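All of these numbers come straight from a predicted model, not from anything done at the bench. Reckoned from all heavy atoms, side chains included, excluding hydrogens, waters and symmetry mates.
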Amino acid sequence: MEPPVITIGELKQHEGDEVRLRGWVYNWRKKGKIRFVILRDGFGYLQCVVFRPEVGEEVWETAVALTRESSIEIQGIVVADERAPGGYELKVTGLISIQIAPEFPIGKKDHGVDFLLNHRHLWLRSKRQHAILHIRSELEYAIREYFHANNFTLIDSPILTPAACEGTSTLFETEYFGDTAYLSQSGQLYLEPAAAAFGKVYCFGPTFRAEKSKTRRHLAEFWMVEPEVAWLRFDGLLELIEDFVTSILSRVLDRCAEDLKRLERDISVLEPATQRPYPRLDYGDAIAALNAHGVAAEFGDDFGGDEETVLASLNDRPVMVTRYPAGIKAFYMQPDPDDPDRALAVDVLAPEGYGEIIGGSERIGSLELLERRIAENGLPRQAFDWYLDVRRYGGFPHSGFGMGIERTTAWICGVHHAREAIPYPRTMNRLYP
């Protein structure tokens with residue numbers, strides 16, 4: 001009977017057994033009569049030792065012919081070895097080459113960012129990129145776990161929409177059977193009616209912003225998770241955000257220790273963010289704090305990357321900046337009852353210069369006020385008639401937020417640019433591959 005086919009992640013259950021694995025040659029080296037083949041299979045990395053006196057000539061010649069990223073099936077005895085990555089190595093008894101790869105375009109030398117992004121489909125195979133995207137996957141799983149455990153219903157919002165959610169200047173426009181449609185900036189407007197049907201809902205999918213921005217935080221296409229909760233007021237929203245972020249971050253740190261180690265991420269700077277409470281900073285106090293640290297800012301200014309970096313650097317965990325001027329926030333945000341010129345809005349700023357990872361607010365519940373805000377913002381009322389129905393038929397207080405997956409992943413991984421936190425980034429100058 002042939003040895004079983006396993007993955008590198010299953011080695012522990014097969015110590016001392018003869019097994020088969022399938023994957024790609026991540027690297028190789030030679031030492032006299034020994035060939036060391038580093039196998040990767042998507043589940044880990046394994047050193048496979050081919051010792052010429054103990055294998056047939058065909059196996060040896062196959063090992064000699066291997067190149068980086070050749071696809072192979074390899075057979076051998078699983079041997080525990082504390083010095084080996086993952087604690088095991090394979091004593092090879094058999095080897096079949098599926099395909100011998102030509103010279104791999106991505107070498108050991110340094111490559112420019114454009115070169116690597118042009119070869120993104122191959123760059124994904126590197127240990128660093130593998131670790132980043134595995135952490136992203138675990139983050140998304142933790143998010144779904146959190147909402148499922150807290151009785152949220154998943155609502156899939158549309159990608160094609162008839163109108164803007166947060167202004168018309170950053171929309172991707174497309175022809176739609178003789179009419180005009182836009183790629184969604186957010187699923188929020190479609191979640192609010194669903195909150196009236198299910199109480200606690202969330203959507204999770206791609207969103208699009210046609211911002212002509214080249215900063216390390218911006219992408220034209222990114223993924224966002226957005227919960228919306230009926231009867232939730234602003235203070236409750238802040239509590240929900242804290243509980244959500246601390247919970248999902250704790251799960252990721254627990255499940256991705258090896259990936260974070262591979263990225264050489266100092267998790268001691270992340271651990272404070274697993275603890276509540278997060279510091280809360282009124283917008284007015286934020287302006288004062290910026291001025292105190294030599295940053296010119298006036299009441300009514302929106303915060304850019306530099307201002308957010310300064311504010312976040314004042315604490316060891318995410319900062320929640322609250323109650324922004326209504327004039328710089330979206331039309332649907334509930335005014336502060338104590339100061340109607342301010343909105344019950346919050347931005348959560350991640351430490352280390354990663355900027356806003358969450359934006360949220362209490363939503364306007366009044367039909368009359370929402371109608372007025374739509375008019376003040378010059379938005380087409382007819383396009384929002386269905387949205388007004390949410391207030392027309394049983395208006396209710398509700399709140400929600402949106403979290404960008406790429407910025408959050410970049411923060412957790414400690415990577416400089418959000419483009420590494422998504423499999424295939426879309427930016428102002430990139431639509432390939």
Side-chain angles (χ1 to χ4, degrees), residues 132-159 161 165-166 183-195 197-209 217-230 232 236-253 255-256 270 273-274 278 318 320 330 332-333 345-350 354-363 398-413 418 421-426:
I132 293 168
L133 294 181
H134 188 251
I135 289 170
R136 176 192 171 110
S137 174
E138 288 290 351
L139 173 65
E140 292 182 334
Y141 181 59
I143 288 168
R144 295 181 187 278
E145 271 189 318
Y146 178 87
F147 287 126
H148 184 75
N150 286 279
N151 300 313
F152 282 72
T153 298
L154 175 64
I155 300 294
D156 296 317
S157 58
I159 289 174
T161 68
C165 176
E166 297 187 8
L183 296 184
S184 176
Q185 298 170 310
S186 165
Q188 177 205 318
L189 300 192
Y190 294 92
L191 278 185
E192 292 185 51
F198 295 93
K200 297 165 71 174
V201 295
Y202 76 103
C203 68
F204 200 167
T207 51
F208 306 85
R209 301 285 169 90
R217 301 175 180 178
H218 286 88
L219 296 167
E221 177 185 348
F222 60 98
W223 281 63
M224 190 155 60
V225 59
E226 301 175 85
E228 200 76 26
V229 183
L232 186 68
L237 174 67
L238 302 184
E239 294 287 332
L240 173 63
I241 291 172
E242 275 187 343
D243 189 58
F244 172 71
V245 178
T246 55
S247 296
I248 62 173
L249 181 59
S250 296
R251 283 176 168 84
V252 171
L253 293 184
R255 294 169 178 169
C256 297
L270 293 172
T274 65
Y278 287 173
M320 306 175 81
Y332 50 73
M333 294 188 179
V346 58
D347 286 348
V348 180
L349 310 181
Y354 287 95
E356 178 197 336
I357 56 172
I358 285 177
S361 74
E362 183 174 329
R363 317 308 191 187
H398 55 291
S399 301
F401 66 84
M403 184 181 83
I405 299 303
E406 288 73 24
R407 286 189 187 180
T408 305
T409 300
W411 165 50
I412 293 172
C413 294
I422 189 169
Y424 296 96
R426 297 291 179 251

[X] side chain near [Y] side chain, heavy-atom distance below 4.5 Å:
{"X": "I143", "Y": "I405", "answer": "yes"}
{"X": "V245", "Y": "V348", "answer": "no"}
{"X": "Y190", "Y": "I155", "answer": "no"}
{"X": "M403", "Y": "I248", "answer": "yes"}
{"X": "W411", "Y": "P318", "answer": "yes"}
{"X": "L249", "Y": "L253", "answer": "yes"}
{"X": "R144", "Y": "L154", "answer": "yes"}
{"X": "R217", "Y": "E356", "answer": "no"}

[atom1] of [X] to [atom2] of [Y]: how many Å apart, nearest 0.5 Å?
{"X": "L237", "Y": "F244", "atom1": "CG", "atom2": "CZ", "value": "12.0 Å"}
{"X": "C203", "Y": "Q188", "atom1": "SG", "atom2": "CD", "value": "9.0 Å"}
{"X": "E138", "Y": "I412", "atom1": "CD", "atom2": "CD1", "value": "11.0 Å"}
{"X": "T409", "Y": "I132", "atom1": "OG1", "atom2": "CD1", "value": "9.5 Å"}
{"X": "S184", "Y": "M224", "atom1": "OG", "atom2": "CE", "value": "7.5 Å"}
{"X": "T246", "Y": "R251", "atom1": "OG1", "atom2": "CZ", "value": "9.5 Å"}

Distance-minimising heavy-atom pair for [X] and [Y]:
{"X": "K200", "Y": "V229", "value": "CG-CG1, 3.8 Å"}
{"X": "E221", "Y": "I422", "value": "O-CD1, 3.8 Å"}
{"X": "G187", "Y": "E226", "value": "N-OE2, 2.8 Å"}
{"X": "A410", "Y": "A421", "value": "N-CB, 4.1 Å"}
{"X": "I135", "Y": "C413", "value": "CD1-SG, 3.7 Å"}

Q.
Between Y332 and E192, do the side chains contain a donor N or O and an acceptor N or O under 3.5 Å apart?
A.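 No pair is found: no donor N or O on one side chain lies under 3.5 Å from an acceptor on the other.
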Q) So does Y141 have more than 12 non-hydrogen atoms from other groups sitting under 6.0 Å from OH? A)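 Atom OH in Y141 is not crowded, with 12 or fewer foreign heavy atoms closer than 6.0 Å.
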Q: Look at E406 together with R209 and state whether they make a salt bridge at an N to O cut-off of under 4.0 Å.
A: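 Looking at R209 together with E406, the answer is no, because their closest N to O distance does not fall below 4.0 Å.
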Q) Would you call E140 and R136 a salt bridge, taking side-chain N to carboxylate O under 4.0 Å as the test? A)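 So E140 pairs with R136 through a salt bridge.
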Q) Who are the side chain to side chain donor-acceptor pair (under 3.5 Å) partners of D243, not counting sequence neighbours? A)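 So D243 forms a side chain to side chain donor-acceptor pair (under 3.5 Å) with Y146.
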Any donor-acceptor N/O pair, [X] side chain to [Y] backbone, under 3.5 Å:
{"X": "R363", "Y": "G400", "value": "yes"}
{"X": "S137", "Y": "L133", "value": "no"}
{"X": "Y354", "Y": "T408", "value": "no"}
{"X": "T207", "Y": "F222", "value": "yes"}

Q: Verify whether the ring centers belonging to F147 and F204 lie closer than 6.0 Å.
A: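 Between F204 and F147, which both carry aromatic rings, the centre distance is not below 6.0 Å.
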Q. Testing I241, D347, V346, L349 for side-chain contact (heavy atoms from CB on, under 4.5 Å) with I358, which one passes?
A.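 Testing each of I241, D347, V346, L349 against I358, the sole residue satisfying side-chain contact (heavy atoms from CB on, under 4.5 Å) is I241.
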